[in-house]
Protein chains: 2
Amino acid sequence: MIIASRKEVAQLAGVSEATVSRVLNGVGPIREETRQRVMEAAERLGYTPNALAQSFARRRSGNLGVVMPYLPKARIFSAYYFSEILSGIGSKALEGKYDLLMLFREPGGTMDYLNLFRTQKVDACIILGAKDEEGERAAIRQLSEGRHPYCLINQHFEGESFHVMDADHVEGSYEAVKHLIEQGFRRIAFLNGPPEYSNSRDRMSGYCRALEEAGIELDESLLFEGNFSRKSGFAAAEKVAARLKGIDAVFAANDRMAIGLQQGLRSMGVPEEEMPAFVGYDDSDAAELGAPPLTSVRVPFYELGCLAAEHVLGMLEQTPSSAVSRIPLHRKLPTRLVIRASSLKRK
Amino acid sequence: MIIASRKEVAQLAGVSEATVSRVLNGVGPIREETRQRVMEAAERLGYTPNALAQSFARRRSGNLGVVMPYLPKARIFSAYYFSEILSGIGSKALEGKYDLLMLFREPGGTMDYLNLFRTQKVDACIILGAKDEEGERAAIRQLSEGRHPYCLINQHFEGESFHVMDADHVEGSYEAVKHLIEQGFRRIAFLNGPPEYSNSRDRMSGYCRALEEAGIELDESLLFEGNFSRKSGFAAAEKVAARLKGIDAVFAANDRMAIGLQQGLRSMGVPEEEMPAFVGYDDSDAAELGAPPLTSVRVPFYELGCLAAEHVLGMLEQTPSSAVSRIPLHRKLPTRLVIRASSLKRK
DNA sequence: CAATTTTATGTACGCGCGTACATTTTCTCA
DNA sequence: TGAGAAAATGTACGCGCGTACATAAAATTG
């Protein structure tokens with residue numbers, strides 16, 4: 001059976017194709033009797049407008065693009081982080097009758113975001129896991145200059161005015177470290193993420209501020225770096241273990257690294273009573289599963305996704321002349337420290 | 001600045017539009033000099049073919065659809081399960097130059113899968129979380145009859161011959177329960193998922209077989225049901241606790257429920273030494289984070305995603321006359337029991 | 001009831017590209 | 001060098017729909 005198109009419907013209903021279009025789109029005045037006839041004909045033929053042709057004619061794809069970061073080994077969705085954000089975006093896309101188009105960065109070079117719009121692949125897009133590199137900046141700048149509806153999540157760029165939906169990682173980290181200090185720990189190691197991510201740098205700020213406020217001098221030898229994977233946390237265990245006697249507590253930039261580090265230390269034979277206190281970040285599912293349960297900083301990822309999606313879809317409805325989309329959005333949602341056993345002072 | 005189209009490129013290069021098309025698509029014989037001129041013109045104008053128009057003209061969207069299940073509260077991506085599968089699909093889609101289109105089931109009725117193809121929204125699609133209900137069956141049957149490239153993951157339908165990429169949950173469950181029996185446990189409770197999912201029924205089969213083989217009679221009062229969420233595991237704790245004296249071990253249909261149940265029991269004040277042994281399912285990240293680490297059945301979700309994607313993309317390349325796509329695929333990948341502390345007999 | 005407005009429908013075209021077919025140019029070989 | 005084959009390019013149209021504009025039908029008014 002061949003798929004019926006507008007033509008057949010028009011024929012069967014005894015009207016012109018334009019009338020069919022109008023009935024189906026609810027455009028213009030239509031006599032009730034005509035509407036009935038058309039609807040019936042469409043029904044009989046099982047007609048559904050071709051979405052591709054509609055998109056082409058309307059010059060709108062109906063897609064909301066989501067740019068995913070490239071992570072080695074491709075298990076990109078594995079992180080709690082992305083899962084939550086995507087769920088948020090997805091729920092709003094559904095509401096707005098948009099489809100979600102997932103776009104994967106290629107391992108090598110920078111992605112040409114502007115091209116997504118020029119080729120009409122998407123009507124709007126949300127960028128996850130952007131890095132602070134010149135190529136990236138340039139690519140995003142093009143979107144801004146072209147007034148395209150886009151939004152970054154959880155990454156901001158110093159000196160640029162981009163649309164960003166962020167969380168307050170300076171404050172979150174500050175609270176985390178302050179908590180450790182209040183617990184009586186003073187030699188607090190920091191397992192941070194790569195500095196190309198603004199949230200890594202933000203965490204560093206918060207970490208430093210808390211130390212400073214407590215009159216603790218920054219000890220560079222207590223700074224470690226991972227890539228947010230559990231494996232990298234595990235790997236960091238070796239370096240941490242080497243100076244374990246000088247470490248009271250560890251603040252990690254996400255839960256996975258914190259847990260990896262814990263596991264690493266244990267696998268190296270560090271006894272439980274010598275384990276430092278721990279605070280993770282993200283408050284992922286894993287945090288409350290840990291032994292001991294992991295104190296962590298809750299980040300409203302789901303909400304970040306919702307708000308970013310609402311923002312870009314909102315821009316889409318504005319007239320080009322409207323000024324709203326020209327004012328770049330920069331919202332910072334608050335984080336919240338969730339205290340569990342891992343960070344409490346043992347007596 | 002307006003976006004250049006093929007026409008401008010042709011004009012600038014002094015050739016016809018058709019030639020521009022040919023050069024860009026590498027079709028037909030082209031004089032090298034002409035190719036240069038066209039490429040240069042395209043470069044100068046920053047020309048990129050309009051993907052929407054291309055799709056329309058080619059009558060192929062370039063999209064690989066992924067149907068996501070509707071889960072209440074919308075945190076659909078949260079499960080390890082989907083993360084892994086999506087990563088697998090995503091990696092193959094990327095290889096095949098396809099984009100991933102995420103499609104969300106609406107809460108209520110059945111989704112009209114056939115419509116995805118009729119409207120040309122997708123060229124192929126992969127269906128996750130299908131339930132064994134008549135509407136669902138009918139919808140999938142339409143795809144089969146229309147010889148559309150589709151594939152179900154982790155769900156099969158008795159009596160139908162659909163394209164399915166599955167894992168062997170009968171065997172996986174059998175191994176899990178056998179292991180518990182070998183550890184000396186005999187009164188083994190089973191916290192299963194909803195029976196609308198074939199994998200739930202498969203697990204039940206494996207569970208029964210293992211018991212039978214060991215000469216243990218099935219005790220219906222040891223069967224519990226959750227919905228795969230941690231919360232449902234937590235909720236089941238109440239019922240389980242009521243007859244805790246008669247339970248040596250628990251086999252749960254996924255790790256989240258296992259962990260939820262453990263947490264529930266603890267929160268009800270069940271002392272550690274009275275906790276039953278545990279075996280989970282999926283071998284998610286959470287399994288090795290638990291206290292004690294959770295024995296679990298590893299399911300190759302990532303591979304399921306890869307294979308399903310390869311399958312549908314493969315069907316796409318076949319000529320309609322080719323017979324391969326008519327033979328419904330039904331592959332079952334093996335699972336593997338990963339033994340950790342939670343299931344070991346305490347002396 | 002004719003002149004006008006309002007409502008309903010039809011006609012015609014463009015969206016940007018792929019591609020079958022027609023035409024022109026270049027090459028080959030006698 | 002000229003005829004025929006091969007290579008290169010151009011011409012023309014369709015894909016299915018939205019929609020501006022033209023037209024016809026119905027309603028309104030004086």
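The chains referred to below are lettered A, B, ... by the order of the sequence lines, with proteins before strands, and numbering in each begins at 1. The analysis underlying the following values was restricted to heavy atoms, covering all of them including side chains, and did not include hydrogens, waters or symmetry mates.
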For this session: Please determine if a side-chain N or O atom of Arg31(B) lies less than 4.0 Å away from the OP1 or OP2 oxygen of dA8(D).
Result: no
Exercise. Rounding to a whole Å, what distance do you find between Tyr47(B):OH and dG16(C):P?
Worked result: 10 Å
Exercise. Does OP1 or OP2 of dG18(D) have a side-chain N or O of Asn25(A) closer than 4.0 Å?
Worked result: yes
Exercise. Looking across every strand, which nucleic acid part, if any, lies under 4.0 Å from Thr34(A) by heavy atom: base, sugar-phosphate, or nothing?
Worked result: sugar-phosphate
For this session: Using a 4.0 Å heavy-atom cut-off across all strands, classify Ser21(B) as base, sugar-phosphate, or nothing.
Result: base
Exercise. Under a 4.5 Å cut-off applied to non-hydrogen side-chain atoms, are Ile126(A) and Val67(A) in contact?
Worked result: no
Problem set entry | Contact nearer the 5' end of DNA chain D, comparing Gln120(B) with Thr19(B) | Thr19(B)
Exercise. Are Arg137(B) and Glu160(B) close enough for a salt bridge, meaning some N to O gap below 4.0 Å?
Worked result: yes
Exercise. Once you round it to whole Å, what is the distance between P of dG16(C) and CD of Gln11(B)?
Worked result: 14 Å
Exercise. Ile30(A) near the nucleic acid: base, sugar-phosphate alone, or nothing, with a heavy-atom cut-off under 4.0 Å?
Worked result: sugar-phosphate
For this session: Look at atom CD of Glu43(B) and say whether more than 12 heavy atoms of other residues, nucleotides or ligands are closer to it than 6.0 Å.
Result: no
Exercise. In a check of ring-ring contact (aromatic ring centres under 6.0 Å, His included) between His330(B) and each of His156(B), His311(B), His163(B), which one passes?
Worked result: His156(B)
Seminar exercise, completed: Glu17(A) atom CD is separated from dC13(C) atom C1', nearest whole Å, by 12 Å
Problem set entry | Greater than 12 external heavy atoms within 6.0 Å of Gln36(B)'s CD | yes
For this session: Nearest whole angstrom, please: distance from the C1' of dA20(C) to the CZ of Arg58(B).
Result: 17 Å
Exercise. Does the ring center of Tyr81(A) lie less than 6.0 Å from the ring center of Phe301(A)?
Worked result: yes
Problem set entry | dC15(C) pyrimidine/purine six-ring stacking with Phe56(B), under 5.5 Å and 30° | no
Exercise. Within the structure, does a side-chain N or O atom of Gln54(A) lie under 4.0 Å from either OP1 or OP2 of dG16(D)?
Worked result: no
Problem set entry | Base dG10(D) paired with Arg22(B) side chain (donor-acceptor, <3.5 Å) | yes
Problem set entry | Closest to side chain of Ala53(B), choosing from dG10(D), dG16(C), dC17(D) | dG16(C)
For this session: Could you tell me whether the phosphate oxygens of dT11(D), OP1 or OP2, come under 4.0 Å of any side-chain nitrogen or oxygen in Ser16(B)?
Result: no
For this session: Write down the distance between NZ (Lys121(B)) and P (dG16(D)), rounded to a whole number of angstrom.
Result: 17 Å
Exercise. From the list dG14(C), dG18(C), dT19(C), which nucleotide is the closest neighbour of the side chain of Ala57(A)?
Worked result: dG14(C)
Problem set entry | Distance, rounded to the nearest Å, where Lys7(B) contributes NZ and dA12(D) contributes P | 15 Å
Exercise. Rounded to the Å, how far apart are Arg60(A) CZ and dG16(D) C1'?
Worked result: 18 Å
Exercise. Roughly how many Å is it from CG in Leu52(B) to C1' in dG18(D), rounded to a whole number?
Worked result: 14 Å
Exercise. Counting any heavy atom closer than 4.0 Å, what does Val27(A) reach on the DNA or RNA strands: base, sugar-phosphate only, or nothing?
Worked result: nothing
Exercise. Relative to the 5' end of DNA chain D, which residue comes earlier, Arg35(B) or Arg59(B), by the nucleotide with the nearest heavy atom?
Worked result: Arg35(B)
For this session: Mind checking Arg6(B) for me? I need base, sugar-phosphate or nothing, with any heavy atom below 4.0 Å counting as a touch.
Result: base
